[in-house]
Visitor: 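I have a structure I would like to understand better, so I am pasting it below and will then ask my questions one at a time.
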Amino acid sequence: MTARLTALSFSIAMACNPALASEADSIERIVVTSDFNAQSLQTLPASVSVVDQEQIRHRQAQHLEQILNVAPNVNFSAGASRGRFVQIRGIGERSQFAEPINPSVGFVIDEMDFSGIAAIGTLFDVQQVEVLKGPQATEVGANALAGVIKIQTVEAGSDQPGRVSLSLAEQDTWSLGLAQGGDLSEKLKYRVAVQQYRSDGFMENTYLGRDDTQNKDELTGRFKLKYLVSDDLSLSLNYQHFDIDNGYDAFSLENTRQTRSDEPGFDRQKTHALSLKADWQLDWGRLVAIGSVSDSDIGYAYDEDWTYVGFHPWEYSSFDAYYRERDTRALEVRALSDEEGRIFSGSTDWVLGLYAKSTDEDLARQYTYAESDFFSNYQPDNIALYGQTQTHFSDQTRLTFGLRVDRFTIDYRDSNGFTESLKDTIVGGKLVLDHQVNEQALVYAGIYRGYKASGFNPDERVSDEKRIFNPEYSWNYELGVKGSTADGRGNIRLAAFYMQRDDTQVSDFDVLIREDGTADFIDVIDNADNGNNYGLELETQWQVTSAWSVFANLGWLRATFEGYERADGSYVEEREQAQSPRYTFNLGMDWDITDSLRWHLEADGKDEFYFSDGHNEQSDAYVLVHTRLSYQYKDWTFAVWGHNLFDKEYQVRGFGGFNNDPREFYEAPEPYYQLGDGRMLGVSLDYLF
C-alpha cells in the first residue's frame with residue numbers, strides 16, 4: 001500500500017508540474033455525451049467519471065457492477081444476482097420488493113431511460129460508461145437526485161472495427177460475442193452486436209448438490225441504423241434486447257458460500273427497447289426529437305428461510321416471488337442553438353426542450369404466508385419543460401443557467417383495496433460559472449438543485465401517518481478544477497461538494513414476529529428532517545514514459561441524516577447514511593513491456609459502511625486487486641486475467657435486526673451477508689476486423 005500511495009503522490013506532482021514529465025504519447029481526449037452538447041471531459045464543468053472501451057477490456061468487465069469501483073464516491077448493493085442498485089455520493093436505492101420506488105440514480109443506455117432496472121447493464125460493444133455525480137435535474141429530472149449513469153454503445157457506421165470476442169474462466173464461465181458495423185450505402189450505416197455470457201457463480205448449494213444456483217445467463221443484442229437523409233437531417237434507429245436469466249441463492253445461516261435452500265430464487269429480466277432519433281441542422285442551430293418505447297418482464301424471487309424442509313424441528317418454509325411487467329413510453333423534443341443562433345448580442349447559447357414519459361407497471365407477488373396473491377398497478381407519468389442558457393462573458397469565462405419544471409402524476413391501486421393518486425410540480429436546475437485559466441486548466445463553481453417525487457407505502461400494515469412520504473429536495477454546492485500538463489501527458493480532476501438534503505427519503509423496514517417466532521418484514525420509506533453529504537473527488541492520469549502510465553481515482557465522503565424515527569420506534573438523532581463509505585479508491589498502472597505485450601494492474605478499495613438506515617450492520621473495509629496480461633499480434637489479442645486476485649472475502653449486501661436460524665429458535669438478532677465474487681482466473685481472445 002505504501003508503494004501505491006507513493007506512486008499516487010508522484011502522479012499528482014507530475015500532473016501539476018509539466019517540467020517533471022518525460023517524453024511520452026499524449027493522453028487520449030475523452031468526449032462526454034451526457035450533456036446537451038457533447039464536450040471534452042477536461043472542459044465540462046462538472047464531476048464526471050468516464051470508463052472507456054479500453055478500461056472495460058482491461059477489467060474484463062461484463063456488467064456495470066464490475067466497473068463502478070473505478071468512479072470515486074460510487075457504491076452499489078446487490079441483494080440480487082448483480083449489484084444493480086447504485087449509490088452516488090451516498091444517495092441511492094438498495095433494493096426493491098413490492099413497493100414502487102422513485103430512483104435517485106438515473107440509468108440510461110444511449111437515449112433510453114432504464115432507471116431502476118439496471119440488471120441490463122451489460123457492457124459488450126459499449127463505447128464508454130459515463131458517471132455524472134451530483135443532481136442532474138436540468139438534463140434528466142427526478143431520476144437524477146444523486147447523479148446519472150449513462151452507457152454509450154458503439155455508433156452505427158464503419159468508424160469502429162468489427163469484433164469477435166471469446167473468454168473462458170473458472171466456475172464454468174464463458175462468453176462469446178460478435179459485433180460488426182459498416183456502410184450499407186453512402187447514406188445508410190449500421191451496427192449489430194450480440195453476446196452470450198454464462199457462469200455458474202460462486203455459491204454451492206449443499207442440499208441440492210448444485211454449484212449453479214447463483215448462476216449468470218445473460219444475452220445481449222443491439223442493432224443500430226443511421227440514415228443520412230440529407231446534409232442537414234439524420235435519422236437513427238436503435239434497438240436493444242436483453243434476456244437476463246440469473247439465479248439468486250446468496251444467503252446462508254453461517255455467512256459462507258455454502259447454502260441449503262430447497263427453492264433457490266431467480267433474478268430475471270427480458271427487455272425489448274426501441275428508439276428513433278431525428279437530428280435536423282437548421283440555420284440557427286439543431287432540432288432534435290427522440291421517441292422511445294420499452295417493454296420489460298422482470299422476475300425476482302428468493303427462498304426466505306434459506307434452508308430445506310426437514311432441516312430442523314423449529315423450521316419454517318417460505319418462498320417469495322415478484323413478477324413485474326413494465327412498459328415505458330417517452331418523447332423528447334429539444335432545440336439547441338449554435339453560434340448563428342446565439343441571443344443577447346451573440347453571447348449566449350440556449351437550449352429549450354419538452355419531455356414526456358409514461359410508465360405502466362404491473363406487479364404480481366406470490367408469497368407463502370399470504371392468503372392470496374398480491375397484485376398492483378403503478379402508473380407514474382411526468383411532463384417536463386426545461387431550458388438552459390450559456391453566456392460567454394469572454395473566450396475564457398462562461399455562466400450556465402439551467403431550469404426544469406416537472407409535473408408528476410402518480411396513480412396506484414392494488415388487490416388489498418388501496419388506491420392513491422399523487423400530483424407534484426417540482427422545480428430544479430443549476431447555476432455554474434467556469435473559467436478557462438489557460439489552455440491546460442479550468443476552474444468552476446456551481447449550485448445545483450435536485451429533486452425526487454413523493455410516494456407511498458402500499459403495505460396495509462403501515463400506519464396511516466406513514467402511508468405517504470413527501471418529495472425530497474437537495475441543494476448541491478460544488479467547486480472543481482481540471483488541468484493537464486502542457487504536453488498533454490498528465491491530467492487531474494478535483495471536485496469538492498456540499499449537499500444539503502431536505503425531507504430526505506429514508507428506506508427502512510419493520511420486523512413483525514409471527515406466532516411461530518419467525519420474522520415478517522414490512523418495507524417502509526419515510527422522510528427524515530434533513531441530510532448532509534459532502535466530500536472530495538480526485539482523478540489523475542499520468543503517462544510516465546511512452547511505455548508506462550499510472551492512474552489514481554480517490555473519493556472521500558461524509559454523509560449523515562438526522563431527525564428520523566425508525567419503523568421499530570427508535571429515534572435517530574444523527575447517523576451516517578447507508579452505503580456511504582468514508583473513502584473509495586482505484587489505483588493502477590499500464591506497462592507496455594514490448595510493442596505487443598501489455599500488463600495491466602489495478603486495485604479497488606473502500607471503507608466500511610452501513611448496509612441500511614434501519615439497522616446497524618456494517619460491511620468490512622476491503623481492497624480488491626485485478627490484473628490482465630495481454631499479447632497482441634496484428635488484429636488478434638490474447639489475454640490472461642484475474643479478478644479479485646487474492647480471493648478477498650467482502651460483502652455486497654447485509655441485513656440485521658432479526659434471526660433466521662431455527663437452531664437458535666429465531667431469538668438473538670444476527671447479521672447476515674451476501675458475499676461478493678471470489679477470485680476468478682480466465683483467458684480471452686479478441687479479433688478485430
Side-chain angles (χ1 to χ4, degrees), residues 78-82 84-85 94-99 119 201 203-217 244-270 297-325 362-376 414-416 458-461 509-523 653-655 657-664 666 670 672-675:
S81 63
R82 290 287 195 185
R84 53 187 175 88
F85 298 98
R94 301 181 298 278
S95 63
Q96 183 180 19
F97 297 96
E99 74 283 5
M203 303 302 291
E204 178 188 5
N205 189 308
T206 57
Y207 174 71
L208 297 177
R210 291 171 52 188
D211 59 5
D212 63 349
T213 52
Q214 182 78 1
N215 71 302
K216 312 287 194 304
D217 185 352
I244 311 298
D245 188 11
N246 296 344
Y248 177 43
D249 186 26
F251 285 90
S252 69
L253 298 176
E254 294 83 12
N255 294 317
T256 66
R257 297 190 189 280
Q258 287 75 44
T259 67
R260 302 185 184 92
S261 308
D262 55 358
E263 297 179 278
F266 51 79
D267 186 18
R268 302 168 181 162
Q269 181 173 336
K270 183 176 289 187
D297 292 331
I298 304 168
Y300 173 76
Y302 55 93
D303 188 325
E304 190 178 46
D305 56 280
W306 307 339
T307 60
Y308 54 89
V309 175
F311 171 69
H312 190 273
W314 273 60
E315 75 192 17
Y316 75 104
S317 180
S318 176
F319 191 74
D320 203 359
Y322 303 81
Y323 303 92
R324 281 182 168 85
E325 294 183 6
D362 291 314
L363 167 70
R365 181 190 185 190
Q366 298 175 349
Y367 182 44
T368 300
Y369 279 92
E371 295 181 0
S372 60
D373 292 347
F374 172 81
F375 300 95
S376 69
D414 64 34
S415 55
N416 289 334
D459 197 301
E460 59 187 355
R461 294 167 296 180
F509 66 89
D510 198 3
V511 180
L512 300 180
I513 304 301
R514 305 185 184 100
E515 292 183 0
D516 61 2
T518 60
D520 189 11
F521 299 92
I522 304 175
D523 296 295
R653 190 71 172 112
F655 295 99
F658 68 99
N659 190 300
N660 209 35
D661 195 336
R663 298 169 301 184
E664 299 175 359
Y666 306 115
E670 295 285 349
Y672 297 107
Y673 305 120
Q674 178 179 345
L675 301 178

Visitor: I need the Arg268 CZ to Asn246 CG distance, nearest 0.5 Å.
Guide: 10.0 Å
Visitor: Give the minimum heavy-atom separation between Tyr367 and Ser318, together with the two atoms involved.
Guide: CE1-OG, 3.3 Å
Visitor: Supply the atom-to-atom distance Thr307 OG1 to Glu315 CD, rounded to the nearest 0.5 angstrom.
Guide: 6.0 Å
Visitor: For the backbone of Glu263 and the side chain of Asp303, can you confirm whether one donor and one acceptor N or O come within less than 3.5 Å of each other?
Guide: yes
Visitor: Relative to the ring of Tyr207, is the ring of Tyr308 parallel (under 30°), tilted (30 to 60°) or perpendicular (over 60°)?
Guide: parallel
Visitor: Which atom pair, heavy atoms only, marks the closest approach of Ser415 to Asp373?
Guide: OG-O, 4.0 Å
Visitor: Please step through salt bridge (Lys or Arg N to Asp or Glu O under 4.0 Å) for the pair Arg210 and Asp249, ending with a clear verdict.
Guide: CA-CA 11 Å; Arg210 291 171 52 188; Asp249 186 26; over 6 Å; no
Visitor: Is any side-chain heavy atom of Arg653 closer than 4.5 Å to one of Phe85?
Guide: no
Visitor: Do you know the tightest heavy-atom contact between Gly265 and Phe319?
Guide: CA-CE1, 4.3 Å
Visitor: Determine, for Arg365 against Asp320, whether the closest basic-nitrogen to carboxylate-oxygen distance falls under 4.0 angstrom.
Guide: yes
Visitor: Do Gln269 and Arg82 come close enough that some side-chain heavy atom pair is under 4.5 Å?
Guide: no
Visitor: Can you check whether Phe374 reaches Asn416 side chain to side chain, under 4.5 Å on heavy atoms?
Guide: yes
Visitor: Under a 3.5 Å distance rule, please check whether Asn660 uses its side chain to pair with a backbone N or O of Leu253 as donor and acceptor.
Guide: no
Visitor: Does NZ or CZ of Arg84 come closer than 6.0 Å to the centre of the six-membered ring of Tyr248, within 45° of the ring's axis?
Guide: no
Visitor: Kindly compute the distance separating OG1 (Thr259) from CH2 (Trp306), expressed to the nearest 0.5 Å.
Guide: 11.5 Å
Visitor: With rounding to the nearest 0.5 Å, note down the distance linking CG in Asp362 to CG in Asp414.
Guide: 12.0 Å
Visitor: Tyr666 vs Tyr316 aromatic rings, parallel, tilted or perpendicular, using cut-offs 30° and 60°?
Guide: perpendicular
Visitor: What are the two closest non-hydrogen atoms of Ser81 and Asp267, and how far apart are they?
Guide: OG-OD2, 2.7 Å
Visitor: Of all the heavy-atom pairs spanning Tyr672 and Asn255, show the shortest one and how long it is.
Guide: CA-OD1, 3.2 Å
Visitor: Against Phe251, only a single residue in Glu304, Gln674, Met203 fulfils side-chain contact (heavy atoms from CB on, under 4.5 Å); can you say which?
Guide: Gln674
